[in-house]
Engineer: 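Structure below; questions to follow.
Values in this document were obtained by computation on a predicted structure and should not be read as measured data.
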Amino acid sequence: MNEINPWESSSIDDYQKLFDEFGISRFDELLPRIKHPHRFMRRGIIFGHRSYDSIVDAINSKKPFSAMSGFMPSGRIHLGHKMVMEEIIWHQQQGGTVFMAVADMEAHSVRGISWKMCRRIGVEEYILSLIALGFEPEGGRIYFQSTSPQVRDLAFELGVKANFSELSAIYGFNGETNIAHMVSATMQSADILHPQLQEFGGPRPVVIPVGADQDPHIRLTRGLADKMNMFHVFPNLITNPYRENFVLTKNDLDKINIENPEVYKEWLNADDKSEPPYVWLVNIYSKLPADELFTIKIRAAFKNINKSFNKILVGNDELIPYSGHINIRCFSSDYKSILEKAQEIIKNVERSIGGYAFLSPASTYHKFMTGLQGGKMSSSIPDSIIALTEEPKAAAKKIMRAKTGGRVTLEEQKEQGGVPDECTVYELMLYHLVEDDDEVLEIRKECMSGDLMCGACKKRAAGLMEEFLTDHQKKREAAMERLPEFGIDHKF
(Lines give C-alpha, C1' and ligand atoms only; values in the text may rest on other atoms or scores of the structure.)
Protein backbone atom coordinates (compact mmCIF):
# COMPACT_ATOMS: atom_id res chain seq x y z
CA MET A 1 0.00 0.00 0.00
CA ASN A 2 1.70 3.16 -1.18
CA GLU A 3 -1.10 5.70 -1.02
CA ILE A 4 -4.16 6.59 1.07
CA ASN A 5 -6.61 8.97 -0.57
CA PRO A 6 -9.14 10.63 1.77
CA TRP A 7 -11.48 11.58 -1.09
CA GLU A 8 -11.95 8.08 -2.45
CA SER A 9 -13.81 5.54 -0.33
CA SER A 10 -11.81 2.31 -0.41
CA SER A 11 -11.19 -0.52 2.02
CA ILE A 12 -7.85 -1.04 3.74
CA ASP A 13 -7.35 -4.74 4.35
CA ASP A 14 -3.95 -4.86 5.98
CA TYR A 15 -3.92 -2.60 9.01
CA GLN A 16 -0.45 -3.83 9.96
CA LYS A 17 0.90 -1.91 6.98
CA LEU A 18 -0.33 1.30 8.58
CA PHE A 19 1.96 0.63 11.54
CA ASP A 20 4.90 -0.24 9.32
CA GLU A 21 4.57 2.28 6.49
CA PHE A 22 2.86 5.30 8.04
CA GLY A 23 4.11 5.24 11.64
CA ILE A 24 0.72 4.78 13.29
CA SER A 25 1.06 3.36 16.83
CA ARG A 26 -0.93 0.45 18.25
CA PHE A 27 -3.90 1.54 20.37
CA ASP A 28 -4.09 -1.58 22.54
CA GLU A 29 -0.89 -0.51 24.32
CA LEU A 30 -2.74 2.50 25.76
CA LEU A 31 -5.90 0.64 26.76
CA PRO A 32 -4.82 -0.24 30.34
CA ARG A 33 -4.47 3.48 31.10
CA ILE A 34 -8.03 4.36 30.03
CA LYS A 35 -10.45 4.08 32.95
CA HIS A 36 -13.75 3.83 31.08
CA PRO A 37 -12.91 2.85 27.50
CA HIS A 38 -15.53 3.07 24.77
CA ARG A 39 -16.61 -0.29 23.32
CA PHE A 40 -14.70 0.56 20.11
CA MET A 41 -11.56 0.72 22.23
CA ARG A 42 -12.34 -2.44 24.21
CA ARG A 43 -13.09 -4.47 21.09
CA GLY A 44 -10.10 -3.44 19.00
CA ILE A 45 -12.25 -1.49 16.53
CA ILE A 46 -10.07 1.52 17.32
CA PHE A 47 -6.76 -0.05 16.40
CA GLY A 48 -4.20 2.75 16.08
CA HIS A 49 -3.28 6.27 17.11
CA ARG A 50 -0.89 9.16 16.81
CA SER A 51 0.03 10.91 20.09
CA TYR A 52 -3.16 9.79 21.85
CA ASP A 53 -1.14 9.33 25.04
CA SER A 54 -1.38 13.13 25.43
CA ILE A 55 -5.18 12.81 25.53
CA VAL A 56 -5.04 9.94 28.02
CA ASP A 57 -2.74 12.02 30.24
CA ALA A 58 -5.16 14.96 30.05
CA ILE A 59 -8.19 12.80 30.86
CA ASN A 60 -6.51 11.11 33.81
CA SER A 61 -5.12 14.37 35.23
CA LYS A 62 -8.34 16.30 34.45
CA LYS A 63 -6.48 18.84 32.34
CA PRO A 64 -8.03 20.63 29.33
CA PHE A 65 -8.24 18.73 26.06
CA SER A 66 -10.49 18.70 23.01
CA ALA A 67 -11.83 16.35 20.36
CA MET A 68 -12.75 17.44 16.85
CA SER A 69 -14.29 15.90 13.76
CA GLY A 70 -16.37 16.88 10.76
CA PHE A 71 -18.65 15.55 8.05
CA MET A 72 -18.98 16.40 4.40
CA PRO A 73 -22.71 16.92 3.73
CA SER A 74 -22.90 14.85 0.57
CA GLY A 75 -25.42 12.10 1.37
CA ARG A 76 -27.42 10.26 4.00
CA ILE A 77 -25.98 9.75 7.45
CA HIS A 78 -25.25 6.08 8.11
CA LEU A 79 -23.69 3.78 10.70
CA GLY A 80 -20.15 4.66 9.60
CA HIS A 81 -20.79 8.31 10.48
CA LYS A 82 -22.35 7.23 13.77
CA MET A 83 -19.04 5.67 14.79
CA VAL A 84 -17.20 9.00 14.67
CA MET A 85 -20.08 10.81 16.40
CA GLU A 86 -19.99 8.31 19.25
CA GLU A 87 -16.24 8.81 19.67
CA ILE A 88 -16.64 12.60 19.83
CA ILE A 89 -19.48 12.31 22.36
CA TRP A 90 -17.42 9.89 24.47
CA HIS A 91 -14.61 12.43 24.68
CA GLN A 92 -17.12 15.11 25.71
CA GLN A 93 -18.32 12.80 28.48
CA GLN A 94 -14.70 12.39 29.64
CA GLY A 95 -14.47 16.15 30.19
CA GLY A 96 -13.21 17.42 26.84
CA THR A 97 -14.48 20.35 24.83
CA VAL A 98 -15.65 19.05 21.47
CA PHE A 99 -16.02 20.53 18.00
CA MET A 100 -18.04 19.27 15.05
CA ALA A 101 -17.63 20.80 11.59
CA VAL A 102 -20.00 20.57 8.67
CA ALA A 103 -17.54 20.66 5.77
CA ASP A 104 -19.78 22.55 3.36
CA MET A 105 -16.85 24.29 1.63
CA GLU A 106 -15.30 20.89 0.93
CA ALA A 107 -18.60 19.46 -0.32
CA HIS A 108 -19.11 22.46 -2.59
CA SER A 109 -15.59 22.37 -4.04
CA VAL A 110 -15.06 18.60 -4.29
CA ARG A 111 -18.60 17.30 -4.98
CA GLY A 112 -20.21 20.37 -6.54
CA ILE A 113 -23.10 20.41 -4.04
CA SER A 114 -24.97 23.71 -3.82
CA TRP A 115 -24.67 25.85 -0.69
CA LYS A 116 -28.40 25.48 0.00
CA MET A 117 -28.21 21.69 -0.25
CA CYS A 118 -25.08 21.62 1.95
CA ARG A 119 -27.01 23.46 4.62
CA ARG A 120 -30.06 21.22 4.40
CA ILE A 121 -28.11 17.96 4.45
CA GLY A 122 -25.79 19.24 7.17
CA VAL A 123 -28.62 20.05 9.54
CA GLU A 124 -31.31 17.52 8.66
CA GLU A 125 -29.02 14.50 8.26
CA TYR A 126 -25.92 15.02 10.40
CA ILE A 127 -26.59 17.59 13.11
CA LEU A 128 -29.94 16.16 14.20
CA SER A 129 -28.43 12.69 14.62
CA LEU A 130 -25.40 14.11 16.43
CA ILE A 131 -27.67 15.77 19.00
CA ALA A 132 -29.88 12.68 19.21
CA LEU A 133 -26.84 10.53 20.03
CA GLY A 134 -25.93 12.72 23.01
CA PHE A 135 -23.88 15.74 21.84
CA GLU A 136 -24.44 18.58 24.34
CA PRO A 137 -24.13 22.37 23.89
CA GLU A 138 -22.09 22.83 27.06
CA GLY A 139 -18.50 22.32 25.96
CA GLY A 140 -19.64 21.57 22.40
CA ARG A 141 -19.46 23.61 19.20
CA ILE A 142 -21.17 22.80 15.88
CA TYR A 143 -20.36 25.01 12.90
CA PHE A 144 -20.34 25.24 9.12
CA GLN A 145 -16.96 25.95 7.54
CA SER A 146 -18.40 28.74 5.39
CA THR A 147 -19.77 30.63 8.39
CA SER A 148 -16.73 30.34 10.68
CA PRO A 149 -14.39 33.33 10.21
CA GLN A 150 -11.87 31.80 12.63
CA VAL A 151 -11.52 28.67 10.47
CA ARG A 152 -11.43 30.58 7.19
CA ASP A 153 -8.77 33.02 8.45
CA LEU A 154 -6.65 30.22 9.87
CA ALA A 155 -6.93 28.28 6.60
CA PHE A 156 -5.52 31.31 4.79
CA GLU A 157 -2.57 31.49 7.23
CA LEU A 158 -1.92 27.76 6.88
CA GLY A 159 -1.91 28.17 3.12
CA VAL A 160 1.22 30.30 3.47
CA LYS A 161 3.04 27.26 4.89
CA ALA A 162 1.66 24.69 2.43
CA ASN A 163 2.77 24.29 -1.18
CA PHE A 164 1.56 22.51 -4.28
CA SER A 165 4.32 19.89 -4.20
CA GLU A 166 3.41 18.87 -0.66
CA LEU A 167 -0.31 18.65 -1.40
CA SER A 168 0.34 16.74 -4.60
CA ALA A 169 2.51 14.20 -2.78
CA ILE A 170 -0.18 13.63 -0.13
CA TYR A 171 -3.37 13.81 -2.18
CA GLY A 172 -2.28 13.19 -5.75
CA PHE A 173 -3.31 16.66 -6.95
CA ASN A 174 -2.41 17.44 -10.57
CA GLY A 175 -2.99 20.04 -13.25
CA GLU A 176 -6.69 19.08 -13.46
CA THR A 177 -7.35 19.72 -9.75
CA ASN A 178 -9.33 22.91 -9.16
CA ILE A 179 -7.98 25.55 -6.77
CA ALA A 180 -10.97 25.32 -4.43
CA HIS A 181 -10.28 21.60 -3.98
CA MET A 182 -6.73 22.43 -2.91
CA VAL A 183 -7.99 25.12 -0.54
CA SER A 184 -10.31 22.58 1.06
CA ALA A 185 -7.21 20.69 2.25
CA THR A 186 -6.02 23.69 4.28
CA MET A 187 -9.62 24.20 5.45
CA GLN A 188 -9.53 20.71 6.93
CA SER A 189 -6.27 21.52 8.67
CA ALA A 190 -7.80 24.74 10.00
CA ASP A 191 -10.76 22.72 11.31
CA ILE A 192 -8.34 20.47 13.19
CA LEU A 193 -6.18 23.26 14.64
CA HIS A 194 -8.75 25.96 15.41
CA PRO A 195 -9.76 24.48 18.81
CA GLN A 196 -6.32 25.68 19.97
CA LEU A 197 -6.97 29.31 19.03
CA GLN A 198 -7.08 31.75 21.92
CA GLU A 199 -10.85 32.35 21.64
CA PHE A 200 -11.47 28.63 22.14
CA GLY A 201 -9.14 28.15 25.10
CA GLY A 202 -5.65 28.24 23.61
CA PRO A 203 -3.12 25.44 22.98
CA ARG A 204 -4.17 22.04 24.34
CA PRO A 205 -4.12 18.40 23.25
CA VAL A 206 -6.73 17.78 20.53
CA VAL A 207 -7.71 14.37 19.15
CA ILE A 208 -9.25 13.69 15.75
CA PRO A 209 -11.06 10.30 15.51
CA VAL A 210 -10.89 9.11 11.90
CA GLY A 211 -10.87 6.13 9.64
CA ALA A 212 -7.47 5.19 8.28
CA ASP A 213 -8.32 6.77 4.91
CA GLN A 214 -8.23 10.20 6.56
CA ASP A 215 -4.64 9.92 7.78
CA PRO A 216 -3.30 12.16 4.97
CA HIS A 217 -5.21 15.06 6.53
CA ILE A 218 -3.66 14.26 9.89
CA ARG A 219 -0.11 14.06 8.53
CA LEU A 220 -0.50 17.33 6.63
CA THR A 221 -1.93 19.12 9.67
CA ARG A 222 0.75 17.87 12.05
CA GLY A 223 3.37 19.20 9.64
CA LEU A 224 1.62 22.56 9.27
CA ALA A 225 1.24 22.93 13.04
CA ASP A 226 4.99 22.55 13.40
CA LYS A 227 5.66 25.05 10.61
CA MET A 228 3.33 27.64 12.15
CA ASN A 229 5.12 27.62 15.51
CA MET A 230 7.89 30.12 16.24
CA PHE A 231 9.61 27.93 18.84
CA HIS A 232 10.05 24.18 19.19
CA VAL A 233 10.90 22.04 22.20
CA PHE A 234 11.97 18.45 21.84
CA PRO A 235 14.11 15.88 23.70
CA ASN A 236 17.48 15.07 22.20
CA LEU A 237 18.75 11.90 23.81
CA ILE A 238 22.50 11.34 23.70
CA THR A 239 22.61 7.61 23.08
CA ASN A 240 25.04 4.89 22.21
CA PRO A 241 24.16 3.77 18.69
CA TYR A 242 25.67 0.33 19.39
CA ARG A 243 23.70 -0.37 22.56
CA GLU A 244 19.91 -0.04 22.60
CA ASN A 245 18.36 2.21 25.26
CA PHE A 246 21.74 3.24 26.69
CA VAL A 247 22.17 6.90 27.66
CA LEU A 248 25.53 8.50 28.42
CA THR A 249 26.25 10.21 31.75
CA LYS A 250 28.03 13.50 32.38
CA ASN A 251 31.18 11.67 33.46
CA ASP A 252 31.13 9.69 30.22
CA LEU A 253 30.97 12.85 28.19
CA ASP A 254 33.92 14.28 30.06
CA LYS A 255 35.95 11.15 29.43
CA ILE A 256 35.00 10.50 25.84
CA ASN A 257 37.38 12.83 24.06
CA ILE A 258 39.76 11.25 21.58
CA GLU A 259 42.11 14.22 21.95
CA ASN A 260 42.57 13.40 25.61
CA PRO A 261 45.86 11.45 25.92
CA GLU A 262 44.65 9.36 28.84
CA VAL A 263 41.56 8.25 26.96
CA TYR A 264 43.58 7.44 23.88
CA LYS A 265 46.13 5.52 25.97
CA GLU A 266 43.30 3.49 27.50
CA TRP A 267 42.13 2.55 24.01
CA LEU A 268 45.68 1.66 22.86
CA ASN A 269 46.06 -0.78 25.76
CA ALA A 270 42.78 -2.49 24.98
CA ASP A 271 42.80 -5.96 23.42
CA ASP A 272 40.04 -5.14 20.92
CA LYS A 273 40.80 -2.16 18.68
CA SER A 274 38.21 -2.93 16.00
CA GLU A 275 36.19 0.13 16.98
CA PRO A 276 37.37 3.76 17.26
CA PRO A 277 38.08 5.23 20.72
CA TYR A 278 34.70 6.97 20.99
CA VAL A 279 32.65 3.85 20.29
CA TRP A 280 34.92 1.68 22.39
CA LEU A 281 34.51 3.92 25.44
CA VAL A 282 30.77 4.13 24.95
CA ASN A 283 30.58 0.36 25.08
CA ILE A 284 32.75 0.26 28.20
CA TYR A 285 30.82 2.92 30.07
CA SER A 286 27.43 1.61 28.99
CA LYS A 287 27.88 -1.13 31.57
CA LEU A 288 28.19 1.35 34.44
CA PRO A 289 25.03 2.38 36.36
CA ALA A 290 24.70 6.16 36.48
CA ASP A 291 22.26 9.04 36.22
CA GLU A 292 20.90 9.62 32.77
CA LEU A 293 21.72 12.66 30.70
CA PHE A 294 19.17 14.25 28.45
CA THR A 295 19.41 17.34 26.33
CA ILE A 296 16.38 19.39 25.45
CA LYS A 297 16.89 21.39 22.30
CA ILE A 298 14.81 24.54 22.06
CA ARG A 299 14.85 26.13 18.63
CA ALA A 300 14.40 29.75 19.59
CA ALA A 301 16.02 33.10 18.99
CA PHE A 302 14.25 35.12 21.65
CA LYS A 303 16.87 37.16 23.50
CA ASN A 304 15.38 37.25 27.00
CA ILE A 305 14.05 33.68 27.10
CA ASN A 306 17.06 32.31 29.02
CA LYS A 307 15.88 33.83 32.30
CA SER A 308 12.63 31.89 32.13
CA PHE A 309 14.43 28.60 31.60
CA ASN A 310 16.98 29.21 34.36
CA LYS A 311 14.10 29.21 36.85
CA ILE A 312 13.21 25.58 36.11
CA LEU A 313 16.73 24.15 36.43
CA VAL A 314 17.77 22.18 39.52
CA GLY A 315 21.16 21.21 40.97
CA ASN A 316 23.66 20.38 38.23
CA ASP A 317 21.26 21.06 35.34
CA GLU A 318 22.87 23.22 32.69
CA LEU A 319 21.52 25.74 30.20
CA ILE A 320 23.71 26.25 27.17
CA PRO A 321 22.67 29.03 24.74
CA TYR A 322 23.64 28.76 21.09
CA SER A 323 22.92 30.91 18.09
CA GLY A 324 19.33 30.08 17.21
CA HIS A 325 18.66 27.47 19.89
CA ILE A 326 19.14 26.57 23.55
CA ASN A 327 20.22 23.27 25.08
CA ILE A 328 19.22 22.17 28.57
CA ARG A 329 21.22 19.31 30.05
CA CYS A 330 19.26 17.52 32.75
CA PHE A 331 21.92 16.15 35.12
CA SER A 332 19.76 16.47 38.24
CA SER A 333 16.16 16.77 37.05
CA ASP A 334 13.88 14.22 35.45
CA TYR A 335 13.92 15.21 31.79
CA LYS A 336 10.16 14.65 31.36
CA SER A 337 9.44 17.18 34.10
CA ILE A 338 11.82 19.72 32.59
CA LEU A 339 10.44 19.04 29.11
CA GLU A 340 6.88 19.72 30.25
CA LYS A 341 7.89 22.95 31.99
CA ALA A 342 9.93 24.08 28.98
CA GLN A 343 6.97 23.47 26.68
CA GLU A 344 4.73 25.53 28.94
CA ILE A 345 7.24 28.42 28.96
CA ILE A 346 7.60 28.33 25.19
CA LYS A 347 3.82 28.23 24.75
CA ASN A 348 3.33 31.31 26.94
CA VAL A 349 6.17 33.25 25.33
CA GLU A 350 4.96 32.51 21.80
CA ARG A 351 1.40 33.49 22.59
CA SER A 352 2.58 36.73 24.24
CA ILE A 353 4.21 37.84 20.99
CA GLY A 354 1.33 36.89 18.70
CA GLY A 355 2.19 33.28 17.81
CA TYR A 356 -0.03 30.19 17.84
CA ALA A 357 2.03 27.66 19.87
CA PHE A 358 0.04 24.78 18.39
CA LEU A 359 0.40 21.32 19.90
CA SER A 360 0.62 18.60 17.27
CA PRO A 361 -2.89 17.11 16.94
CA ALA A 362 -3.47 13.55 18.08
CA SER A 363 -5.58 11.04 16.18
CA THR A 364 -7.25 7.67 16.61
CA TYR A 365 -7.97 5.23 13.78
CA HIS A 366 -10.92 2.87 13.61
CA LYS A 367 -11.56 -0.05 11.31
CA PHE A 368 -13.97 0.36 8.43
CA MET A 369 -17.38 -1.27 8.52
CA THR A 370 -18.19 -3.75 5.79
CA GLY A 371 -21.15 -3.10 3.50
CA LEU A 372 -24.18 -5.31 4.13
CA GLN A 373 -23.53 -7.21 0.90
CA GLY A 374 -19.77 -7.34 1.47
CA GLY A 375 -17.24 -4.87 0.14
CA LYS A 376 -17.24 -1.25 1.18
CA MET A 377 -19.98 0.63 2.99
CA SER A 378 -20.82 3.80 1.06
CA SER A 379 -23.73 6.23 0.78
CA SER A 380 -23.41 5.86 -2.99
CA ILE A 381 -24.36 2.16 -2.66
CA PRO A 382 -27.76 2.22 -0.84
CA ASP A 383 -27.93 -1.53 -0.23
CA SER A 384 -24.53 -1.43 1.50
CA ILE A 385 -25.61 0.91 4.30
CA ILE A 386 -28.21 1.42 6.95
CA ALA A 387 -29.03 5.12 7.19
CA LEU A 388 -29.99 6.54 10.57
CA THR A 389 -32.97 8.17 8.86
CA GLU A 390 -34.09 4.90 7.25
CA GLU A 391 -37.51 3.44 7.93
CA PRO A 392 -36.81 0.91 10.74
CA LYS A 393 -38.66 -2.02 9.16
CA ALA A 394 -36.88 -1.43 5.84
CA ALA A 395 -33.55 -1.51 7.67
CA ALA A 396 -34.54 -4.78 9.34
CA LYS A 397 -35.31 -6.29 5.93
CA LYS A 398 -31.85 -5.25 4.68
CA ILE A 399 -30.29 -7.18 7.55
CA MET A 400 -32.33 -10.27 6.66
CA ARG A 401 -30.75 -10.08 3.17
CA ALA A 402 -27.24 -9.29 4.42
CA LYS A 403 -24.13 -11.37 3.71
CA THR A 404 -23.18 -13.68 6.57
CA GLY A 405 -20.27 -15.90 7.48
CA GLY A 406 -22.44 -18.99 7.44
CA ARG A 407 -21.80 -22.26 5.63
CA VAL A 408 -23.53 -23.40 2.42
CA THR A 409 -25.88 -25.86 4.13
CA LEU A 410 -27.49 -26.12 7.56
CA GLU A 411 -25.68 -29.40 8.17
CA GLU A 412 -22.27 -27.83 7.43
CA GLN A 413 -23.12 -24.93 9.73
CA LYS A 414 -23.86 -27.31 12.60
CA GLU A 415 -20.76 -29.41 11.95
CA GLN A 416 -18.17 -26.72 11.13
CA GLY A 417 -19.66 -23.60 12.72
CA GLY A 418 -19.89 -20.16 11.15
CA VAL A 419 -17.18 -17.58 10.49
CA PRO A 420 -18.20 -14.43 12.44
CA ASP A 421 -15.21 -12.44 11.19
CA GLU A 422 -16.68 -12.68 7.67
CA CYS A 423 -20.24 -11.89 8.76
CA THR A 424 -21.73 -8.41 8.30
CA VAL A 425 -24.54 -9.25 10.75
CA TYR A 426 -22.10 -10.14 13.53
CA GLU A 427 -20.20 -6.95 12.69
CA LEU A 428 -23.37 -4.90 13.25
CA MET A 429 -23.73 -6.36 16.73
CA LEU A 430 -20.01 -5.97 17.47
CA TYR A 431 -19.90 -2.33 16.39
CA HIS A 432 -23.36 -0.99 17.22
CA LEU A 433 -26.13 -3.19 18.53
CA VAL A 434 -24.78 -4.97 21.63
CA GLU A 435 -23.09 -2.97 24.40
CA ASP A 436 -22.27 -5.87 26.71
CA ASP A 437 -18.90 -7.48 25.83
CA ASP A 438 -19.82 -10.84 27.35
CA GLU A 439 -22.96 -10.99 25.22
CA VAL A 440 -20.96 -10.33 22.06
CA LEU A 441 -18.47 -13.04 22.99
CA GLU A 442 -21.31 -15.49 23.60
CA ILE A 443 -22.77 -14.77 20.15
CA ARG A 444 -19.37 -15.34 18.62
CA LYS A 445 -18.87 -18.57 20.54
CA GLU A 446 -22.30 -19.95 19.57
CA CYS A 447 -21.71 -19.06 15.91
CA MET A 448 -18.30 -20.75 15.74
CA SER A 449 -19.57 -23.86 17.55
CA GLY A 450 -22.47 -24.32 15.16
CA ASP A 451 -25.11 -23.78 17.87
CA LEU A 452 -26.32 -20.48 16.36
CA MET A 453 -27.85 -20.49 12.90
CA CYS A 454 -27.65 -17.48 10.58
CA GLY A 455 -31.41 -17.08 10.34
CA ALA A 456 -31.81 -16.74 14.10
CA CYS A 457 -28.84 -14.39 14.31
CA LYS A 458 -30.25 -12.18 11.54
CA LYS A 459 -33.64 -11.98 13.26
CA ARG A 460 -31.95 -10.93 16.49
CA ALA A 461 -29.88 -8.24 14.79
CA ALA A 462 -32.85 -7.04 12.74
CA GLY A 463 -34.93 -6.66 15.89
CA LEU A 464 -32.18 -4.74 17.66
CA MET A 465 -31.68 -2.46 14.67
CA GLU A 466 -35.39 -1.74 14.35
CA GLU A 467 -35.53 -0.92 18.04
CA PHE A 468 -32.48 1.38 17.84
CA LEU A 469 -33.69 3.29 14.76
CA THR A 470 -37.17 3.79 16.20
CA ASP A 471 -35.71 5.28 19.36
CA HIS A 472 -33.08 7.30 17.51
CA GLN A 473 -35.59 8.86 15.14
CA LYS A 474 -37.78 9.95 18.04
CA LYS A 475 -34.72 11.64 19.53
CA ARG A 476 -34.02 13.29 16.17
CA GLU A 477 -37.49 14.84 16.27
CA ALA A 478 -36.79 16.17 19.76
CA ALA A 479 -33.42 17.50 18.53
CA MET A 480 -35.20 19.80 16.08
CA GLU A 481 -36.41 21.86 19.02
CA ARG A 482 -32.90 22.01 20.49
CA LEU A 483 -31.11 23.50 17.47
CA PRO A 484 -31.19 27.07 18.92
CA GLU A 485 -29.19 25.77 21.91
CA PHE A 486 -26.36 25.16 19.46
CA GLY A 487 -26.75 28.51 17.71
CA ILE A 488 -28.38 26.95 14.64
CA ASP A 489 -31.32 28.64 12.92
CA HIS A 490 -32.94 26.34 10.39
CA LYS A 491 -36.35 26.13 8.72
CA PHE A 492 -37.54 22.62 7.91
Engineer: Can you list the residues that meet the side chain to side chain contact (heavy atoms under 4.5 Å, CB included) rule with P137, with sequence neighbours excluded?
Structural biologist: R482, E485, F486
Engineer: The criterion is salt bridge (charged side-chain N to carboxylate O under 4.0 Å, His left out); which residues satisfy it with K82, sequence neighbours excluded?
Structural biologist: E86
Engineer: I'd like to check the salt bridge (charged side-chain N to carboxylate O under 4.0 Å, His left out) partners of K445; sequence neighbours left out, ordered by chain and number.
Structural biologist: none
Engineer: Which of these, M68, Q92, R141, R204, sits in a side-chain contact (heavy atoms from CB on, under 4.5 Å) with T97?
Structural biologist: R204
Engineer: Could you pull out all residues at least two apart from H108 that satisfy ring-ring contact (aromatic ring centres under 6.0 Å, His included)?
Structural biologist: W115
Engineer: What is the ring orientation for F71 with Y126, classed by angle as parallel under 30°, tilted 30 to 60°, or perpendicular over 60°?
Structural biologist: parallel
Engineer: Listed by chain and number, what are the side chain to side chain contact (heavy atoms under 4.5 Å, CB included) partners of A362, not counting sequence neighbours?
Structural biologist: S51, S54, I55, V207
Engineer: Do the side chain of Q413 and the main chain of M453 share a donor and acceptor less than 3.5 angstrom apart?
Structural biologist: no
Engineer: Could I get the full list of salt bridge (charged side-chain N to carboxylate O under 4.0 Å, His left out) partners for D437, not counting sequence neighbours?
Structural biologist: R42, R43
Engineer: Between K341 and E344, is there a salt bridge with N-O shorter than 4.0 Å?
Structural biologist: no
Engineer: Does atom NZ (K459) have a neighbourhood of more than 12 heavy atoms from anything else shown, all under 6.0 Å?
Structural biologist: no
Engineer: Are Q145 and E106 linked by a side-chain donor-acceptor pair shorter than 3.5 Å?
Structural biologist: no
Engineer: Cut-off 3.5 Å, no hydrogens considered: what does the side-chain donor-acceptor table look like for residues 464-471, sequence neighbours left out?
Structural biologist:
from	atom 1	to	atom 2	distance (Å)
E466	OE2	K393	NZ	3.0
T470	OG1	E466	O	2.8
D471	OD2	K475	NZ	3.2

Engineer: If the condition is side chain to side chain contact (heavy atoms under 4.5 Å, CB included), which residues does E125 pass it with, not counting sequence neighbours?
Structural biologist: R76, I77, I121, T389
Engineer: Between D215 and R50 (salt bridge meaning N to carboxylate O under 4.0 Å), is one present in this structure?
Structural biologist: yes
Engineer: Counting heavy atoms not belonging to M228, are there more than 12 under 6.0 Å from its CE?
Structural biologist: yes
Engineer: Give a yes or no answer on whether the side chain of E390 reaches the backbone of A396 with a donor-acceptor pair at less than 3.5 Å.
Structural biologist: no
Engineer: Could I get the full list of ring-ring contact (aromatic ring centres under 6.0 Å, His included) partners for F358, not counting sequence neighbours?
Structural biologist: Y356
Engineer: Partners of D383 by salt bridge (charged side-chain N to carboxylate O under 4.0 Å, His left out), sequence neighbours excluded?
Structural biologist: none
Engineer: Among residues at least two apart in sequence or on other chains, which ones pass side-chain hydrogen bond (donor to acceptor under 3.5 Å, both in side chains) with Q416?
Structural biologist: none
Engineer: Does atom CD (E138) have a neighbourhood of more than 12 heavy atoms from anything else shown, all under 6.0 Å?
Structural biologist: no
Engineer: Check the angle between the aromatic planes of F27 and Y52 and answer parallel, tilted or perpendicular using the 30° and 60° thresholds.
Structural biologist: tilted
Engineer: Do L220 and T186 touch side chain to side chain, with heavy atoms closer than 4.5 Å?
Structural biologist: no
Engineer: Any pair with a residue in residues 417-452 that passes ring-ring contact (aromatic ring centres under 6.0 Å, His included), sequence neighbours left out, goes on the list, sorted by first then second residue, please.
Structural biologist: none
Engineer: Hey, is K227 close enough to E166 for a salt bridge, meaning N to O under 4.0 Å?
Structural biologist: yes
Engineer: Please check if the number of heavy atoms outside F164 that lie under 6.0 Å from its CZ is greater than 12.
Structural biologist: yes
Engineer: Going by an N to O cut-off under 4.0 Å, is there a salt bridge joining E442 and R460?
Structural biologist: no
